[in-house]
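To start, the structure itself, in structure tokens.
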Amino acid sequence: MPASVALRQAAPHDVVLGDPAFSPVPSPGSRLVVAVGSNAAPQVLRRKLAQVHSSDTICLQPVHVTNITVGHSAHIAARGYVPAAPILAGQQSITTIAAWLGPAHIEALDATEPNYHRQTVNTRDHPLIHDRPTPSLPADRPPLTSEFDLYVSRHGVLADPVTGDPVPFGSQAHVLAWLSRRLDDPTFAGPVSDVCSRLAADPEAVTARMRGAGVSRPGDFRATPSIGHDR
């Protein structure tokens, strides 16, 4: 039976009903983007897309996606944490938020994700269904599409250097402790807030050190023959 990964980030923290930036109906020409990580939060999308000048609205719905799981990108974000990334994984699944976004929104969101590339997959390889409604999102359920986009890490995902098994998505305390052990590096040890402050001082150098230690593997989406295109 597929293992379901419920992302903490997928739970909307604020009500979008009545907000003019959001709509229960996708705008014409919108693309469906399935979020893995902070883009699942409506307030994050609102902040990232606040300067977009477009009549298109954002339509959010909870979804369940199969043959994908979540791990950690093999890089350090600007604020010093280890972010989430999707991984191709047969018979596993995630529950998260999908957003229908217009062209201007897509372009703006791409610009906020320099460590990821947006890649198109189809629902034959990655079945996509509506998840149960939430009080914060519209009850209407727009039809799902035959393909959707994901932001896939350009750095690969953290993985055991011996087995190649990806590190399951977890708390920052868990993943930082894993890196501290694997790299034998005290930079990653200590309270999470302290570690993130240290890593934020030079995230590119720490990312390069992780890459050199061989603790990453590709997310594998590029190897999937049915992928439509990437950006």
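Quick note: residue numbers are just sequence positions, from 1. Keep in mind it's a predicted model, so treat the numbers as computed, not measured.
In this structure, CZ on Arg124 lies 9.5 Å from OG on Ser146, to the nearest 0.5 angstrom. The line from CD1 of Ile129 to OG of Ser93 is 8.5 Å long, rounded to the nearest 0.5 Å. Interatomic distance, Asp185 CG to Leu179 CG, rounded to the nearest 0.5 Å: 9.0 Å. Lys48 contributes atom NZ, which lies 5.5 Å from atom CG of Leu109 (distance to the nearest 0.5 angstrom). From Leu176, atom CG reaches atom NE2 of His72 across 8.5 Å, with rounding to the nearest 0.5 Å. Between Cys196 atom SG and Arg79 atom CZ the span is 10.0 Å, to the nearest 0.5 Å.
Looking only at side-chain heavy atoms (C-beta outward), Cys59 and Pro142 come within less than 4.5 Å of each other. You'll find the side chain of Val82 reaches within 4.5 Å of the side chain of Leu158, heavy atoms only. Arg209 places a side-chain heavy atom less than 4.5 Å from the side chain of Thr187. At a threshold of 4.5 Å between non-hydrogen side-chain atoms, the residues Leu49 and Leu101 count as touching. Glu147 has its side chain within reach of Arg31: a pair of non-hydrogen atoms, C-beta onward, lies under 4.5 Å apart. Side-chain contact between Pro42 and Phe22: present, with at least one pair of heavy atoms (C-beta onward) separated by less than 4.5 Å. In this structure, the side chains of Trp100 and Thr57 stay at 4.5 Å or more apart for every pair of heavy atoms. Contact of the Met210 side chain with the Ile76 side chain is registered, since non-hydrogen atoms from C-beta on lie closer than 4.5 Å.
A donor-acceptor contact shorter than 3.5 Å is absent between the side chain of Arg118 and the backbone of Tyr151. Proximity of a side-chain donor or acceptor of Arg217 to a complementary backbone N or O of Asp165 within less than 3.5 Å is not detected. A distance-only check finds no donor-acceptor pair linking the side chain of Ser27 to the backbone of Ser30 [under 3.5 Å]. Put simply, the side chain of Gln172 never gets that close to the backbone of Tyr81: no donor and acceptor are under 3.5 Å apart. Of the possible polar contacts, one joining the Ser197 side chain to the Ser193 backbone as a donor-acceptor pair under 3.5 Å is found.
Of all non-hydrogen atoms in Pro86 and Ile68, the two that sit nearest each other are CB-CG2, 4.2 Å. When every heavy atom of Ile97 is checked against every heavy atom of Pro62, the shortest pair comes out as CD1-CA, 3.9 Å. Between Ser153 and Gly156, the shortest heavy-atom contact is OG-O, 3.1 Å. Shown here for Ala85 and Tyr116, the closest heavy-atom pair between the two residues is CB-CE2, 4.2 Å. Taking each heavy atom of Gly164 and Ala159 in turn, the nearest pair found is O-CB, 3.7 Å. Closest heavy-atom contact between Val34 and Thr96: CG1-CG2, 3.6 Å.
Not a single side-chain hydrogen bond (donor to acceptor under 3.5 Å, both in side chains) links Asp184 to another residue, sequence neighbours left out.
Residue Val175 is not grouped with residue Val70 when hydrophobic side chains (ILVMFWY) are merged at heavy-atom distances under 4.5 angstrom, including chains of intermediate members. With hydrophobic clusters built from ILVMFWY side chains whose heavy atoms lie under 4.5 angstrom apart, Val167 does not share a cluster with Leu88. Hydrophobic clustering, with ILVMFWY side chains joined whenever heavy atoms are under 4.5 angstrom apart, groups Val52 together with Ile58. In the hydrophobic clustering of this structure, Val192 groups with Leu183; members are Ile, Leu, Val, Met, Phe, Trp, Tyr whose side-chain heavy atoms approach within less than 4.5 Å, directly or through other members. A continuous path of Ile, Leu, Val, Met, Phe, Trp and Tyr side chains, each step under 4.5 Å between heavy atoms, connects Leu128 with Leu150, placing both in one hydrophobic cluster.
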Evaluate the criterion salt bridge (charged side-chain N to carboxylate O under 4.0 Å, His left out) for residue pair Asp160 and Arg182; output intermediate values, then yes/no. CA-CA 9 Å; Asp160 187 291; Arg182 288 294 176 182; 2.6 Å; yes
What do the steps show when you test His105 against Asp56 for side-chain hydrogen bond (donor to acceptor under 3.5 Å, both in side chains), and what is the final call? CA-CA 8 Å; His105 290 133; Asp56 292 331; 5.2 Å; no
Should His75 and Ser73 be marked as a side-chain hydrogen bond (donor to acceptor under 3.5 Å, both in side chains) after you check the CA-CA gap, both sets of side-chain angles, and the distance that decides it? CA-CA 6 Å; His75 82 280; Ser73 178; 2.5 Å; yes
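Applying the ring-ring contact (aromatic ring centres under 6.0 Å, His included) test to pairs two or more places apart or on separate chains, none has a residue in residues 174-206.
Using modelled atom types and a 3.5 Å distance limit, the side chains of Asp131 and Gln61 yield no donor-acceptor pair. No donor-acceptor contact under 3.5 angstrom links the side chains of His155 and Ser216, judged on distance only.
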